[in-house]
Structure formats: structure tokens, C-alpha cells
Amino acid sequence: MKKLLKLEHFSELIKDGDKLLVGGFGLSGTPLSLIDEIATSGKKNLTVVSNNLGEKGKGLGKLLVSGNLKKAIGSYFTTNGDAVNAWSKGELEIELVPQGTLAEAIRCGGAGIGGFYTKTAVGTKLAEGKHKMTFDDGDYILEKAIKGDVALIKALKADTLGNLIYDQTGRNFNPVMATAAKLVIAEVDEIVEAGEIKPEEIVTPHLFVDYVVVTKYVKEGGRYVEPATTN
Amino acid sequence: MKKLLKLEHFSELIKDGDKLLVGGFGLSGTPLSLIDEIATSGKKNLTVVSNNLGEKGKGLGKLLVSGNLKKAIGSYFTTNGDAVNAWSKGELEIELVPQGTLAEAIRCGGAGIGGFYTKTAVGTKLAEGKHKMTFDDGDYILEKAIKGDVALIKALKADTLGNLIYDQTGRNFNPVMATAAKLVIAEVDEIVEAGEIKPEEIVTPHLFVDYVVVTKYVKEGGRYVEPATTN
Amino acid sequence: MSQQQRIKIARRIAEEFEDNQIINLGVGIPTLIPDYIEGKDVYLHSENGLLGMGPTPEEEFVNMDLISASKKPVSVETGASIFDSSDSFLMIRGGHVDVAVLGTLQVDETGEVANWAVPGQNILGVGGAMDLVAGAKKIIIATMHTSKDGTPKLLKKLTFPSSGVRKVDMIVTEHAVFEFKDEKMFLIEVLSDITLEELKEITPASYELSTKKLIRV
Amino acid sequence: MSQQQRIKIARRIAEEFEDNQIINLGVGIPTLIPDYIEGKDVYLHSENGLLGMGPTPEEEFVNMDLISASKKPVSVETGASIFDSSDSFLMIRGGHVDVAVLGTLQVDETGEVANWAVPGQNILGVGGAMDLVAGAKKIIIATMHTSKDGTPKLLKKLTFPSSGVRKVDMIVTEHAVFEFKDEKMFLIEVLSDITLEELKEITPASYELSTKKLIRV
């Protein structure tokens with residue numbers, strides 16, 4: 001399989017200062033193995049675009065502990081005390097974006113769209129400095145597309161071409177992030193033969209996917225856990 | 001099934017002057033039965049938003065013969081001589097939109113987005129009079145959202161709640177049109193029980209669909225034909 | 001007592017729902033509502049990408065990739081559908097969600113809501129609040145009448161940052177139900193043994209008594 | 001003869017493709033290309049919503065809901081995927097299609113293309129032409145060197161309406177292959193027994209001979 005990448009080679013694809021789009025909603029649909037690799041990579045000054053920064057010490061939360069991050073762009077950071085602390089101490093920049101605006105801005109990044117007009121956040125602090133336009137049914141603000149250097153996404157299965165399907169609400173931001181970065185790496189539970197996923201059931205067609213990595217995590221009781229010892 | 005509508009009652013839902021979003025690419029994924037009903041309804045001054053106007057005397061082409069149309073908005077009308085003639089005689093207004101801009105503008109209409117910036121058509125006749133904006137990587141034009149009064153779409157199957165799946169490339173404009181009209185009517189080949197289509201395989205969730213109509217056409221040799229006599 | 005009051009609010013809001021509506025429930029009191037909508041065919045929308053959200057599953061069926069917007073494990077109802085975040089917010093922003101029930105920090109007498117940030121504190125979370133305020137067809141606020149220390153929440157003017165220019169349609173507290181019409185606030189029901197004078201005292205927002213006969217439940 | 005020339009163009013363009021590329025083929029000469037890309041793992045994208053388009057099926061397998069952008073019945077290759085029109089043009093506009101091969105009416109010496117409308121005629125069709133011109137990573141023009149009546153198509157300046165400000169990368173005709181670099185046109189190959197002088201005569205566009213050794217095939 002041409003796109004298969006070994007987990008230990010993944011972090012070579014990341015450069016200091018890169019902007020990473022990272023899938024997931026909380027810890028659901030999050031590329032946990034890829035994040036672990038970054039946490040031990042010593043990469044610096046990364047910007048992460050993700051709905052939130054995982055939980056304290058879990059998922060993207062690990063990168064706050066290991067000190068890889070310069071900035072986070074997302075919709076909800078309050079639930080991770082480490083993010084709040086790092087921001088308070090001036091160690092982490094945070095750019096807050098409404099969740100729907102975040103999803104759409106990333107989709108625009110992938111779709112060759114420069115920006116879009118939304119009513120979301122009109123008249124609020126989050127609209128400050130943004131271009132306004134009045135359409136037939138009221139005022140809108142311009143939100144600009146978001147693109148990344150690398151997208152790290154989590155899917156349930158890839159086929160050997162790199163087509164992806166997702167597990168339930170683990171889908172979340174992953175499909176749009178797969179469209180919006182120069183390099184797209186998908187962590188999956190399983191790789192199946194091309195043709196096993198029906199054309200109309202594929203959620204992310206393979207043209208968006210550069211590499212596929214098999215997760216080191218296993219799902220037990222509905223939760224991903226690290227296997228006791230891998231060798 | 002609450003949303004089931006009899007074909008003969010369908011045209012009561014259309015008003016003179018309505019703007020209709022009609023799914024399909026050529027004759028593929030086109031709500032042929034619903035179009036037939038409009039062709040015999042005597043409705044006037046309709047605006048149709050569709051990629052093209054079917055073929056001569058077929059699909060949306062029938063509405064040119066029956067005289068229901070005031071205006072067509074779409075990307076490609078050259079292949080239907082009737083459309084070209086009607087336009088030449090001043091009997092039909094035509095608004096030409098690049099195909100990708102059409103699809104995206106309709107999606108915006110469904111997504112509460114006022115408009116979007118695209119590079120498509122920059123520097124061409126189709127950009128005349130449109131608002132321009134320069135982003136980091138060049139010039140874009142503003143394209144405004146398109147919404148309809150009624151969307152007529154074609155799906156393969158509906159479940160009893162109104163969730164839809166499509167047949168291969170018969171999907172085309174149907175899913176975006178399902179989002180962008182006040183009233184959405186889906187013509188389907190078959191209705192199955194809710195639960196038969198898996199949650200992750202549903203393409204159009206039922207919240208977009210107001211009514212489901214079973215097609216009067218049957219597929220023979222891969223083509224929809226009218227049954228010899230229905231009674 | 002407080003939990004009883006929260007349940008009262010949840011129950012009252014559930015009465016507003018109509019068959020076939022698409023409902024999005026925010027965090028806090030709104031999460032109690034599913035227990036009180038029995039008998040109505042409504043569909044719960046969860047902004048992380050699920051329509052047809054069902055109750056908490058038995059432990060053996062928990063899958064942490066099938067969760068609510070509050071990140072709790074859920075199940076799916078028959079006929080549920082899964083979609084990505086951009087399609088989920090297409091639904092919200094595009095007016096395809098019939099009712100959003102939201103918690104709040106403050107609401108002013110025109111129906112403008114502040115439910116995401118407190119001045120002087122870290123402003124590090126907004127989630128889907130502003131999208132729902134901008135896009136849902138009807139917005140019902142579920143809130144205790146005052147904050148824990150007794151500070152009023154229903155005000156003449158917001159002192160916390162606004163969540164958007166779109167006004168809410170209804171407020172349900174443990175004491176009362178208010179409706180908004182043309183940016184004016186009307187008291188339409190009293191839900192506790194509070195007197196109208198006492199209610200006035202804890203409600204700085206100006207409101208009129210509804211022209212409908214005021215109901216004391 | 002003319003069909004042979006068209007095949008020559010198709011065959012030459014197929015040589016440009018690289019393994020794993022995503023290719024979108026326009027109407028006209030580009031539709032001949034699939035017969036000449038054997039041995040390369042490329043994936044054909046069709047803008048009506050298909051990646052992994054396969055050859056024309058046997059009559060018994062025809063489904064007119066599985067068609068190409070030219071509205072002809074097609075099949076799907078193993079690992080193909082189906083998507084809606086908005087996602088299909090997301091791919092095109094967003095730069096996810098590696099090569100678009102397009103027919104043309106005119107190209108100017110900077111690489112600007114006119115391939116949708118003729119002045120004075122009805123302008124009633126644009127299709128996906130402008131989206132492809134704006135969005136594909138590489139654009140190759142497949143065209144006869146002149147129109148049927150001998151009118152040049154490769155010009156100093158367009159006289160027909162432009163399809164966009166984005167310049168094309170390559171032109172392949174029955175006589176020659178041209179490349180564009182920094183809005184300058186270079187002759188890189190001669191594909192027929194035409195002399196350089198004859199070529200100049202039917203090509204009003206200014207071009208330089210490539211600094212690479214000019215190949216006569």
C-alpha cells in the first residue's frame with residue numbers, strides 16, 4: 001500500500017512552526033497516536049487548529065505538557081485547565097472562533113474559497129475588526145478561510161487507496177480538515193482492501209489523503225487505551 | 001408515513017412565480033415525475049435553478065414546451081435547443097453561473113451563509129458587477145447565496161422518516177438543493193423502514209425533507225421509462 | 001430543591017415542543033429535558049454531528065466515538081444520521097433546527113443574550129453558542145432566575161458580552177415564563193408561589209403582563 | 001486523418017500523467033485520452049461527482065445514473081467514490097485535482113484561455129470550465145492547432161471572452177507542444193512534419209524555442 005506510513009516516521013513530516021489541523025471533538029475522533037509522536041518529537045512553535053485541546057494530559061492536552069505549542073485556534077478551551085494556565089502565563093496564544101465558523105472556515109480552506117459571510121457572532125466581541133456586509137436579510141461578517149500545513153485526522157478504516165470512513169460522531173471535524181492542508185495524514189484502526197467500502201459510502205475520497213498510519217491504540221469498553229506493552 | 005405525498009397533490013404546493021431548485025445533471029438524478037406534474041399544472045412564471053434544462057422535450061425540457069418558465073439559472077443550456085430558442089425570442093431569461101459556483105451558492109443558501117469569495121470567473125464576463133476582494137493569494141469575487149421556494153429532488157430511497165440516499169452520480173446537485181428551499185420534496189424509487197439505512201450512510205438527513213413522493217417511472221435497462229399504462 | 005427547580009424548568013420547556021421538531025439542547029439544565037419529552041416525536045440534534053440522539057447507553061454499549069456535545073456517551077434512535085461538523089452547523093446556521101434550548105448568564109429586556117463570557121475572567125470558550133443564537137428558528141432560554149448569589153440575570157441591559165444580535169423567543173426560570181414579541185418582554189406564566197411584586201424585585205428587566213390571561217401554574 | 005490527429009494529441013497528453021495523479025478530462029479530444037493511459041495508476045475525476053471513473057460499460061450494465069460529465073454511461077474502478085456537486089467542485093476549486101485537460105477556442109501567448117463563449121453567438125453554457133481553469137493544479141490544453149476553417153487559435157491576444165485570469169501550463173496540438181513559464185510561451189516539441197516556419201505562420205502567438213533541445217517526434 002503506497003500511502004502506508006510507519007508511526008515512527010510520522011514526526012519527520014512535521015516542521016517547527018507548522019500549522020496543524022487536528023481532528024476531534026474532545027477526545028472523540030482524535031488521532032491519539034500521531035499526537036503522542038509529536039509530544040515526544042521536540043517540535044516547537046506549532047499552531048494547532050482544533051475544536052479544543054483535548055483534556056488535561058490527554059489527546060492534544062499532552063502537547064501543552066510537552067511544550068510544542070505556540071498557538072491554538074479553536075472554539076472551546078475552558079475544559080482543559082492546562083490551556084487556561086498556559087494562556088494566563090502568556091505561554092500560549094489562543095484565537096477563539098465559534099464552532100460553526102471554525103468548521104466552515106476550514107471547509108473553505110479546502111474548497112478554494114477565500115472567505116464567507118456569516119451572521120454568527122455579528123455584534124459580539126468575536127466580530128471586532130471583521131469586515132461587515134449587509135445582505136437582504138441582515139448584517140453578516142466576513143470570516144476568512146483557514147488552511148494548515150499538515151492535517152492529522154482520525155478515521156475508523158482506510159482502504160488501500162486511502163479512502164476513509166469514520167466511527168459515528170468520531171467523524172466531526174475530520175472530513176473538512178482532510179481537505180484543507182498541504183499534507184494529510186490519517187490515523188486509522190484498520191486498513192481494508194480497495195473496493196470493500198462502497199463508492200457511495202466513502203466519506204473522504206483518497207485524493208485528500210497523503211498518508212495512512214495504523215493506530216497503536218486499541219478500543220476496549222468503547223474507549224481507546226494504549227496496549228499494555230507493544231514491542 | 002407522515003411525509004408521504006401523493007403525486008397528484010404535489011402541484012398544489014407550487015405557486016405561480018415560485019423559484020424552484022431542481023436536482024439533476026442532464027437527466028440523471030432528476031425528479032421526472034414531479035416535473036411532469038408541473039408541465040400539466042398550468043403554473044406560470046416559474047424560475048428554475050438547475051444545472052441545465054434537461055434535454056429537448058425531456059425532464060425540465062418539458063417545461064419549455066408547456067410554457068411554465070420565466071427564468072432559468074444554471075451552468076449549461078446549450079444542449080437543449082428549445083432553451084436556446086426561447087431565450088433568443090425573449091421568452092426565457094437565462095442567468096449563467098459556473099457549475100461549481102452554482103453548487104456552492106446553493107449550499108450557502110442552505111447553510112445560512114450570505115455569500116462566498118471564489119476565484120472562479122475572476123476577470124471574465126461572468127464577474128461583471130460583482131464585488132471583488134483581494135486575499136493573500138489573489139483576487140476573488142463575491143458570489144451570493146441562492147435559495148429557493150421549493151426544491152424538487154430525486155433520490156434512490158427514502159426511509160419512513162424521510163432520510164435519503166442516492167443512486168451513484170444521480171446524487172449530483174440533489175443534496176445541496178435539499179438544504180436550500182423553504183419546502184423540499186423528494187421523488188424516490190422506494191421507501192424503506194427507518195433504520196434500514198445506517199446512520200453513517202444517510203446522505204440527506206430527514207430534517208431537510210418535507211415530503212416524499214414515489215416516482216411513477218420505472219428503471220429498465222438503466223433508464224427511467226414511463227410504465228406503458230398505469231391505472 | 002435546586003434540582004427540583006431545574007427539573008421544573010426542563011419539564012415546562014418540554015411542553016413547548018411539537019411533533020417532528022428538530023431540537024438542540026445546550027449544556028446545563030437543557031440536558032435534563034430528554035426525560036420529559038415522552039409522547040412527542042421530536043429529534044435531538046447534537047452539534048458534534050448527530051441527528052436522532054438517544055439516551056445514555058448501558059455501560060457495555062458505550063462507544064466514546066458516539067457522544068453528545070457535552071462529550072457524554074449516547075445512543076442513536078432509529079433513523080438517526082451522522083454527519084461532519086460543517087454539515088452540522090449548516091443545519092444550525094441555515095435555520096434547519098426548530099428549537100435551541102440554551103443556558104444563559106444574562107438576558108436583557110429585548111431578548112439579547114449573553115451566554116459565553118464573563119468580563120474580567122478568561123474568555124476561552126464559545127463552542128456552538130453563537131451559531132445557535134444566530135441560526136436556530138426558535139430560542140428558549142433555560143435558566144435559574146438569578147445566579148447563585150442572588151444577582152439578577154434578567155436585566156435592562158447586558159453587562160456581560162453579547163452572544164449576538166439575534167433575540168431569544170422565550171425564557172423559562174423556576175419562577176416564571178417570559179415571551180418576547182418585537183423585542184418586548186411579556187410575563188406569560190408564573191411557575192412558583194412567588195408574588196408579582198417579589199418577581200418584579202428579582203427581575204430588573206422591564207416586562208409587561210401578557211394580554212393573554214396570566215397563568216399561575 | 002483528423003481522428004488520427006486527435007488521437008496523437010490524446011496520446012501525447014497521456015504521457016504527461018504521473019502515477020497517483022487525479023485527472024479531470026473535458027469534452028472533445030480529452031475524452032479520447034483514457035484509451036492511452038494504460039500502465040499508469042491515475043484516477044479520473046468527473047465533475048458530476050465521481051472519482052475513479054471507469055470505461056463505458058457493456059449495454060447490460062448501463063445505468064444512466066452513473067454517467068460522465070459528458071452525460072455518457074460509465075463504470076467505476078475499484079476504490080471509486082461518489083460525492084455531490086458541491087464536494088466535487090470543492091475538489092476542483094481547492095486544488096485537489098492534479099491535471100485538467102481542456103479543449104479550447106483560443107489561447108493567448110501568456111497562457112490565458114477562452115474556452116466557453118464566442119462573441120455574437122448565444123452565450124448559454126459555461127459548465128465547469130471556469131472552475132477548472134481557476135482551480136486545477138496543472139492545466140493542459142488539448143486542441144487542433146487551428147479551427148476547421150484554418151483560423152488560428154493560438155493568438156497574441158484573445159478575441160473571444162476569457163475563461164479566467166489563471167494561465168494554462170501546456171498546449172498540445174497535432175503539430176506541437178508548448179509550455180508556459182512565467183506567462184511566456186515556449187515551443188518544446190514538434191509532433192508533425194511541419195517546418196518551424198510553417199508552424200510560425202499558423203501560430204500568431206509569440207513563442208520562444210525551448211532552451212531544452214527541441215524535440216521533433
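The sequence lines fix the lettering, A, B, ..., with proteins before strands; numbering per chain opens at 1. Computation of the quantities below employed the complete heavy-atom set of this structure, encompassing side-chain atoms and omitting hydrogens, waters and symmetry-equivalent molecules.
Of all residues spanning residues 42-58 of chain D, those with a heavy atom less than 4.5 Å away from chain B's heavy atoms are D:E47, D:N48, D:G49, D:L50, arranged by number.
Between B:R171 and D:D65, no side-chain nitrogen of the basic residue sits less than 4.0 Å from a carboxylate oxygen of the acidic one, so the salt-bridge criterion is not met. Of the charged side-chain nitrogens involved, at least one lies within less than 4.0 Å of a carboxylate oxygen, so that B:K71 and B:E95 count as a salt-bridged pair. Taking a cutoff of 4.0 Å between a charged side-chain nitrogen and a carboxylate oxygen, B:D36 and B:K216 qualify as a salt bridge. Taking 4.0 Å as the cut-off between side-chain N and carboxylate O, D:E18 and D:K40 do not count as a salt-bridged pair. Between D:K157 and D:D108 there is no salt bridge, since none of the side-chain N atoms of the basic residue sits less than 4.0 Å from a carboxylate O of the acidic one. Comment: D:K8 does not engage D:E174 in a salt bridge, judged by the lack of any side-chain N to carboxylate O separation of less than 4.0 angstrom. Under 4.0 Å is where a charged nitrogen must lie from a carboxylate oxygen, and between B:K157 and B:D167 no such pair does. Using a 4.0 Å cut-off between charged nitrogen and carboxylate oxygen, B:K119 and B:E143 do not count as a salt-bridge pair.
Of the atoms belonging to D:S163, it is backbone heavy atoms, and not side-chain ones, that fall under 4.5 Å from chain B. Contact of B:K154 with chain D is not made at all, since no heavy-atom distance falls under 4.5 Å. Looking at B:N52, only its side chain comes within 4.5 Å of chain D, counting heavy atoms on both sides. At a 4.5 Å heavy-atom cutoff, B:T30 makes no contact with chain D through either its backbone or its side chain. In this structure, chain D has no heavy atom under 4.5 Å from any part of B:V203. Neither the backbone nor the side chain of D:I92 comes within less than 4.5 Å of any heavy atom in chain B. Neither the backbone nor the side chain of B:Y166 comes within less than 4.5 Å of any heavy atom in chain D. Contact annotation for D:L132: neither backbone nor side-chain heavy atoms come within less than 4.5 Å of a heavy atom of chain B.
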Verify side chain to side chain contact (heavy atoms under 4.5 Å, CB included) between B:E190 and B:L156, making sure each step is shown before the conclusion.
-> CA-CA 7 Å; B:E190 192 188 348; B:L156 179 64; over 6 Å; no
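Contact tally against chain B (heavy-atom pairs below 4.5 Å) for D:D87, D:I82, D:I123: the top residue is D:I82. No other option in D:A80, D:A129, D:S86 has as many heavy-atom pairs under 4.5 Å with chain B as D:S86. Note: D:A69 leads D:P73, D:A117, D:A69 in heavy-atom pairs under 4.5 Å with chain B. Options B:P175, B:P98, B:G123, B:A127 differ in how many heavy-atom pairs under 4.5 Å they form with chain D, and the most are formed by B:P98. If you tally non-hydrogen atom pairs under 4.5 Å between each of B:N174, B:N51, B:T169 and chain D, the highest count goes to B:T169. In terms of heavy-atom pairs under 4.5 angstrom with chain D, the leader among B:L126, B:V176, B:I106 is B:L126. Taking chain D as the reference chain and counting heavy-atom pairs below 4.5 Å, the highest number among B:S75, B:A103, B:G24 is found for B:S75.
Side chain to side chain, D:S85 and B:N172 fail the donor-acceptor criterion of an N or O pair below 3.5 Å. Looking at B:S33 and B:T215, their side chains do bring a donor and an acceptor atom within 3.5 Å of each other.
In this structure, D:D131 contributes its side chain and B:G100 its backbone to a donor-acceptor pair below 3.5 Å.
With a 4.5 Å cut-off on side-chain heavy atoms, D:E112 and D:L158 count as touching.
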